[in-house]
Amino acid sequence: MTGRLHWGDLKLLEVFEDPSINSFVASAASWIAVLAALAIVILLTVKRRWGWLWSEWLVSVDHKKIGIMYILTGFVMMARGVAEGVVMRTHQATAYQGGFLSNEHWAELFSTHGTVMIFFVAMPFITGFMNYLIPLQIGARDMAFPVLNQISLGLTATGGALVMISLVVGAFETGGWTAYPPFTGADFDPGPGPDYWVWAIVLSGIGSMLSGLNFAVTIYKLRAPGMTFMRMPVFCWTALCTSILLVFALPPLTVAGLMQALDRLAGFHFFTNDLGGNMMNYANLFWMFGHPEVYILILPAYGIYSELTATFAAKKLYGYTSLVLATMSIAVVSFCVWLHHFYTMGQSPTINAAFGIATGIIAIPTGVKVYVWMATLWRGRIRFTVPMIYMAGFFMLFVIGGFSGIILANPAINWQVHNTQFIVAHFHNVLLPGLIFGIFAGVHIWFPKAFGFRLHERAGAITAFLWIAGFSLTFLPLYVVGLLGYPRRSAAFEDPAFIPYMIVTLCGAFVLLSAFIGLIVTLWLSVRHRDELAVPLGDPWDGRTLEWATPSPPPHYNFAVIPEITGRDAFATEKAEGRPYVTPTEYRDIHMPRDSVAGVFVFLCTTAIGFGLTWWIWWLAILGALVLLGWMFIYPFFDRTDEVIPAETVRLANEAWIAAISLREGVDRDDETTPRNRGFAATDMEQAT
């Protein structure tokens, strides 16, 4: 009945069976996960919030709530990723001729850390922002396929759940976040670890691909009247390119995962050394996804930086067309560079040279973006608030990461530093300042739109500086030790010259941990002072795009009347023409999709399937699959009528909001971080025009 699952697979008990520092770390992580989940259950029960959680969030198909749940998922998983990073740096500081972790535990740690941060932190973050902003910025009421949107969230949650379950039951794989065979083959690792990875990635990858389809159709088909492609906000352009990448890049990963599952479970030999298998087939399939994945993650952050620079410099975005062309160029060329991830694996010099040239070329449109943002900020009325602090850190650190990428594009140089800490420094140097700083800047910008109150400015600024300092201390020294020859993925080292650098990176890791705690403190202070931070009128930053033309938080239907677009930066155009907050001449009933249990149902079934296949509990996997297939057959026949919001209800809410705005005086940008800011920013007319 339980397949290969036994009591001995519970990591909670490991420290009692084999007491050591290594087993204590593993068991402590399991206990923290279990106790945290138990605390949430108890809190919801004591507060009697289960009904609220179900009706307001879990069954909602509102794109805004789904986006928030994606971002919340990313923050929860980030807690694990940051904690694992601290443990890894602590081990490396003691790794001269040893270390306190076993070799296997170390390999498991860097595998889970990479998997969690890429697939279940970064991906939910960017998917959450796209979910929240796309319909608001293009003047739509919701996504093209609201229920499919909820199902995509359910599949992502399944992947995250399987990874978290591996922390408590069994173990994770030890082949890195890329899960290379033969390290993940049945002969080398017959345990459940690689199966956890396979099913977490396959199921969440299907959800991401469906999200890409949904985003693309929404942008293609649901733009407001007058919003041509060249009038869309830059964030929507980056989201569109990301959607295309999701649709075309996720299938190779899904196929590679399923082929790996067949190798492990059914005796196939796609990636083995015998009976015709070839590990390089896996490497090609994985990196056909893996390098576009870099831009899947970074392009939405580029969109956030584009909106940030225009808004917080009070200027029209410089070089809009060049930004759009650069974004599209990156999306295309990203499919032409995957082989630079295995220059040393036996390709001919001609092939390496071709991919080296392509890798160098893709840096050009990225450089265009940086110059465009700098030109936008030039001579603008810059407000050095929290988002701009992250932007400054991004400028300094991301350029270093970009230059190191240009260096690595050269196959001859790449041969010298391949699989060293130099590579670790490079990709963290791109992803943290590029993606994470952009996400946190975006959280500070759009948090008041989502929840109706701003985040605490001083706490947010301290946290931002901690992230910048922590990153610099943790990862910049790795360039040096990489050039000195310190290999990546190594559980120990033999050269004492590395020790000072490892101590510095350990200090940086604790600064990063402090920065993550700072996020929690910032949120706590913001909730505590939410009355004085409230911005219900909807436009605390003198925004330029359509989402700022709605109350905070926006109503379920987003807009009382679908706006007519007459130019780029639609809301700024209305301000410049003196016609923001105009009362519509006519209101109509609004039809919105009803709540659905589809996402929760898919989550439960696919989690059962993934767990059953991982532990060979065949009856559970078959039952989950049959129930899911039966539901997919029956569900389309359900009569799901829309929820109708009467025109009078819409009119009363909209006119009350406009009346509240008319009673306020616009707050100057110099006072936007004070309690005077209630969400009605005075417009800088010179810059708006």
Report task. Give the minimum heavy-atom separation between C241 and A331, together with the two atoms involved. Result -> CB-CB, 4.0 Å
Query - Results of ring-ring contact (aromatic ring centres under 6.0 Å, His included) for F188 - residues two or more places apart only - result: F183
Query raised in the report: Between R488 (side chain) and N419 (backbone), is there a donor-acceptor pair under 3.5 Å?
Result: no
Report task. Decide yes or no for V602 and W631: does some side-chain heavy atom of the first lie under 4.5 Å from some side-chain heavy atom of the second? Result -> yes
Query raised in the report: Would you say the side-chain atoms of N22 pair up with the backbone N or O of L101, donor to acceptor, closer than 3.5 Å?
Result: no
Report task. Would you mind reporting whether P135 and M143 have side-chain heavy atoms less than 4.5 Å apart? Result -> yes
Requested in this report: Show the numbers, then the answer: is there a side-chain contact (heavy atoms from CB on, under 4.5 Å) between L210 and F145?
Outcome: CA-CA 10 Å; L210 295 176; F145 308 112; over 6 Å; no
Report summary line: CG (L109) and OG1 (T174) are apart, to the nearest 0.5 Å, by 11.5 Å
Report task. Flag the pair T158 / L604 as yes when at least one side-chain heavy-atom distance between them is below 4.5 Å, and no otherwise. Result -> no
Query - Sequence neighbours excluded, every pair satisfying salt bridge (Lys or Arg N to Asp or Glu O under 4.0 Å) that has a member inside residues 48-60 - result: E56-K65
Query raised in the report: Ignoring hydrogens and geometry, is there a side-chain-to-backbone donor-acceptor pair from H113 to G81 under 3.5 Å?
Result: yes
Report summary line: In short, salt bridge (Lys or Arg N to Asp or Glu O under 4.0 Å) pairs touching residues 238-267 with sequence neighbours left out are D195-R264
Query raised in the report: Is there any side-chain hydrogen bond (donor to acceptor under 3.5 Å, both in side chains) pair reaching into residues 23-33, and which pairs are they, with sequence neighbours excluded?
Result: S20-S23
Query raised in the report: Under a 4.5 Å cut-off applied to non-hydrogen side-chain atoms, are L613 and W618 in contact?
Result: yes
Requested in this report: Start with the C-alpha gap between F125 and F129, add the side-chain angles, then the distance that decides, and say whether ring-ring contact (aromatic ring centres under 6.0 Å, His included) holds.
Outcome: CA-CA 6 Å; F125 275 159; F129 268 94; 7.7 Å; no
Requested in this report: Please answer whether the main-chain N or O of G185 pairs with a side-chain N or O of D189 as donor and acceptor at a distance below 3.5 Å.
Outcome: no
Query raised in the report: Heavy-atom count around F24 CZ within 6.0 Å, excluding the residue itself: above 12?
Result: no
Report task. With the side chain counted from C-beta on, respond yes when I134 and F215 share a heavy-atom pair under 4.5 Å apart, and no when they do not. Result -> yes
Query raised in the report: Under 4.5 Å between any side-chain heavy atoms of M1 and I617, yes or no?
Result: no
Query raised in the report: Counting heavy atoms not belonging to D642, are there more than 12 under 6.0 Å from its CG?
Result: yes
Query - Check: T184 side chain, A179 main-chain N or O, donor-acceptor pair, under 3.5 Å - result: yes
Query raised in the report: Of all residues at least two apart in sequence or in a different chain, which pass the salt bridge (Lys or Arg N to Asp or Glu O under 4.0 Å) check with E104?
Result: none
Query - Those residues that, when tested against F16, pass ring-ring contact (aromatic ring centres under 6.0 Å, His included) (two or more places apart) - result: none
Query - Donor + acceptor pair across side chains of W50, T45 (<3.5 Å) - result: yes
Query - From CG (L245) to CG (L250), nearest 0.5 Å - result: 10.0 Å
Query raised in the report: Taking everything shown except I520 itself, do over 12 heavy atoms lie less than 6.0 Å from its CD1?
Result: yes
Query raised in the report: Hey, does the side chain of N284 reach the backbone of N281 with a donor-acceptor pair shorter than 3.5 angstrom?
Result: no
Query - Crowding at CE, M345 (>12 non-hydrogen neighbours, <6.0 Å) - result: yes
Report task. Apply ring-ring contact (aromatic ring centres under 6.0 Å, His included) to F100 and list each qualifying residue two or more places apart in sequence or on a separate chain. Result -> H91
Query - Pair W446-I304, side-chain contact (heavy atoms from CB on, under 4.5 Å): steps then yes or no - result: CA-CA 10 Å; W446 284 288; I304 291 172; 4.1 Å; yes
Query raised in the report: Just by modelled atom types, is the N273 backbone N or O under 3.5 Å from a matching donor or acceptor in the N278 side chain?
Result: no
Query raised in the report: For residues 11-26, which residue pairs qualify under salt bridge (Lys or Arg N to Asp or Glu O under 4.0 Å), counting only residues two or more places apart or in two chains?
Result: K11-E108
Report task. First locate atom CE of M88, then atom CZ of F110, and finally report the distance between them rounded to the nearest 0.5 Å. Result -> 7.5 Å
Query raised in the report: Can H105 and S102 be counted as having a side-chain donor-acceptor contact under 3.5 angstrom?
Result: no
Query raised in the report: Will you find, in the side chains of S334 and H291, an N or O donor that is under 3.5 Å from an N or O acceptor?
Result: no
Query raised in the report: Is a donor on one side and an acceptor on the other found under 3.5 Å between the side chain of Q150 and the backbone of G599?
Result: yes
Report task. Evaluate the ring planes of H428 and F475, with Trp represented by its six-membered ring, and classify them as parallel (under 30°), tilted (30 to 60°) or perpendicular (over 60°). Result -> parallel
Query raised in the report: Are side-chain N/O atoms of Y196 and T115 paired as donor and acceptor at under 3.5 Å?
Result: no
Query raised in the report: In chain order, what residues pass the ring-ring contact (aromatic ring centres under 6.0 Å, His included) check against F289, with sequence neighbours excluded?
Result: F119, F286
Query raised in the report: Could you go step by step and tell me if W177 and T112 meet the side-chain contact (heavy atoms from CB on, under 4.5 Å) rule?
Result: CA-CA 7 Å; W177 78 276; T112 55; over 6 Å; no
Report summary line: In short, salt bridge (Lys or Arg N to Asp or Glu O under 4.0 Å) pairs touching residues 71-80 with sequence neighbours left out are R80-E84
Requested in this report: Apply salt bridge (Lys or Arg N to Asp or Glu O under 4.0 Å) to D62 and list each qualifying residue two or more places apart in sequence or on a separate chain.
Outcome: K64
Enumerate donor-acceptor pairs with a distance under 3.5 Å from any side-chain N or O in residues 67-79 to protein atoms, sequence neighbours excluded.
residue: Y70; atom: OH; partner: S152; partner atom: O; Å: 3.4
residue: Y70; atom: OH; partner: L153; partner atom: N; Å: 3.1
residue: T73; atom: OG1; partner: M69; partner atom: O; Å: 2.8

Query raised in the report: How long is the span from the CH2 atom in W197 to the OG atom in S166, to the nearest 0.5 Å?
Result: 13.5 Å
Query raised in the report: Do D142 and H556 get their side chains close enough for a donor-acceptor pair, meaning under 3.5 Å?
Result: no
Report task. Go through L136 and H63 one step at a time and tell me if the side-chain contact (heavy atoms from CB on, under 4.5 Å) criterion holds. Result -> CA-CA 10 Å; L136 284 167; H63 71 96; 4.1 Å; yes
Report summary line: In terms of heavy-atom contacts, P146 and I66 come closest through O-CD1, 4.3 Å
Query raised in the report: Just how far is it from atom CG of L133 to atom CD1 of I138, taken to the nearest 0.5 Å?
Result: 11.0 Å
Query raised in the report: Aromatic rings W52 and W57: how do their planes relate, parallel, tilted or perpendicular, breaks at 30° and 60°?
Result: perpendicular
Requested in this report: Would you check if the side chain of S490 reaches a backbone N or O of P487 as a donor-acceptor pair within less than 3.5 Å?
Outcome: no
Report task. Any chance you could lay out the ring-ring contact (aromatic ring centres under 6.0 Å, His included) test for F355 and W338, step after step, and finish with the verdict? Result -> CA-CA 8 Å; F355 279 85; W338 82 86; 5.3 Å; yes
**Report entry** Rounded distance [0.5 Å steps], CG in L519 versus CZ in F516
**Finding:** 6.5 Å
Report task. Ignoring hydrogens and angles, tell me if any N or O in the side chain of W199 forms a donor-acceptor pair with the backbone of I609 under 3.5 Å. Result -> no
